[in-house]
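In what follows, chains are A, B, ... by sequence order, proteins preceding strands, each numbered from 1.
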Amino acid sequence: MSFAINDWLKVIGGLAAFAPIPHAALAGKLASIVAELIDAEKARSNKTTEEILEAAGLQQDVTAALIDAELARLSALDTQPLSE
Amino acid sequence: MQRKRTPILLILVLAISACTGKVNTNPQSDSLRNVAVQVARLSDAANAGARTVIALGQDSLITAPQERDALLIIQKANDGARVLTTRLKAISVLDANTKSSLLTVVNEISLALADPKTLALFNVTNPKSQERLKGVIDIIATIVGLLKNLLGGN
């Protein structure tokens with residue numbers, strides 16, 4: 001069994017969350033994101049154009065929901081009374 | 001100083017190599033497939049960028065207004081990728097008219113990336129956060145540049 005770089009990045013990403021080092025969790029999240037980018041790139045090589053576009057559409061929906069939720073959270077922080 | 005930059009440089013190099021890597025193509029619909037692949041990469045970059053910005057915000061490495069500005073730019077890139085995907089799904093041949101129509105959308109994303117708010121993001125005081133934010137925007141800008149090339153805009 002051989003480990004590709006993206007497999008190692010996933011392992012690092014998983015372990016970093018438990019490391020008692022400042023911003024280790026962030027580094028772990030970033031490592032996981034890079035691993036997913038590499039996985040997505042590999043997966044595309046075997047897909048048809050239609051399949052690539054279908055997957056991209058789903059990805060865009062996920063991203064839109066993620067951004068909307070975070071923007072809503074940030075707006076809620078703005079409107080919170082200072083006394084809370 | 002150089003050692004401190006290694007992690008973000010590694011991420012940048014990996015992400016950009018992922019963005020420019022070769023993909024098997026069908027000779028009969030090469031250009032359409034190539035554009036579809038770049039649009040998919042743009043979607044991936046927008047997703048990865050949004051998650052990176054949210055993670056930076058959670059670790060208080062950027063302020064809430066900076067996080068909001070960065071997310072609004074990424075949202076424009078994601079919305080642009082969505083429009084491109086919808087149009088590409090509806091066509092079977094990439095002729096000059098279609099290219100021109102797709103290029104208009106790509107140019108709108110370019111304009112968002114060149115917005116003064118985007119440039120202001122690079123004035124974040126923490127150098128590591130600045131590099132990461134710049135990395136997110138640079139990856140999106142690189143893919144937008146590749147799309148422009150494919151569509152004959154450059």
Looking only at heavy atoms, what is the nearest atom pair of [X] and [Y], with distance?
X	Y	result
A:Gly57	B:Thr85	N-CG2, 4.2 Å
A:Gln60	B:Ser43	NE2-OG, 2.7 Å
B:Ala50	A:Thr63	CB-CG2, 4.3 Å
A:Ile52	B:Ala40	CG2-CB, 3.7 Å

* To do: Is it possible for you to say whether B:Val105 and B:Ile91 belong to one hydrophobic cluster, with membership spreading through side-chain heavy-atom contacts below 4.5 Å?
  => yes
Using side-chain heavy atoms (C-beta onward) and a distance below 4.5 Å, is [X] in contact with [Y]?
X	Y	result
B:Glu67	A:Glu70	yes
B:Arg82	A:Asp61	yes
A:Gln59	B:Asn78	no

* To do: Dump the intermediate steps for side-chain contact (heavy atoms from CB on, under 4.5 Å) on A:Leu71 and B:Leu72, then the final yes or no.
  => CA-CA 8 Å; A:Leu71 289 175; B:Leu72 287 172; 3.8 Å; yes
* Between A:Ala64 and chain B, which part of the residue has a heavy atom less than 4.5 Å away: side chain, backbone, both or neither? -> both
* Asked: Relative to chain A, which segment of B:Leu84 carries a heavy atom at a distance below 4.5 Å: side chain, backbone, both, or neither?
  -> neither
* Would you mind checking which part of B:Leu42 comes under 4.5 Å of any heavy atom in chain A, side chain (CB onward), backbone (N, CA, C, O), both or neither? => neither
Using 0.5 Å steps for rounding, measure from the [atom1] atom of [X] to the [atom2] atom of [Y].
X	Y	atom1	atom2	value
B:Arg68	A:Leu77	CZ	CG	8.5 Å
A:Ile38	B:Asp44	CD1	CG	11.5 Å
A:Ile67	B:Ile54	CD1	CD1	7.0 Å

* **salt_bridge(A:Glu41, B:Arg41) N-O dist < 4.0 Å** => yes
* Residues B:Lys89 and A:Glu50 bridged, charged N to O under 4.0 Å -> no
* **side-chain contact (heavy atoms from CB on, under 4.5 Å) involving B:Lys99 - partner list, sequence neighbours excluded** => B:Leu94, B:Leu151
* To do: Check the pair A:Glu36, B:Asn47 against side chain to side chain donor-acceptor pair (under 3.5 Å), reporting the backbone distance first and the verdict last.
  => CA-CA 10 Å; A:Glu36 284 177 34; B:Asn47 182 274; over 6 Å; no
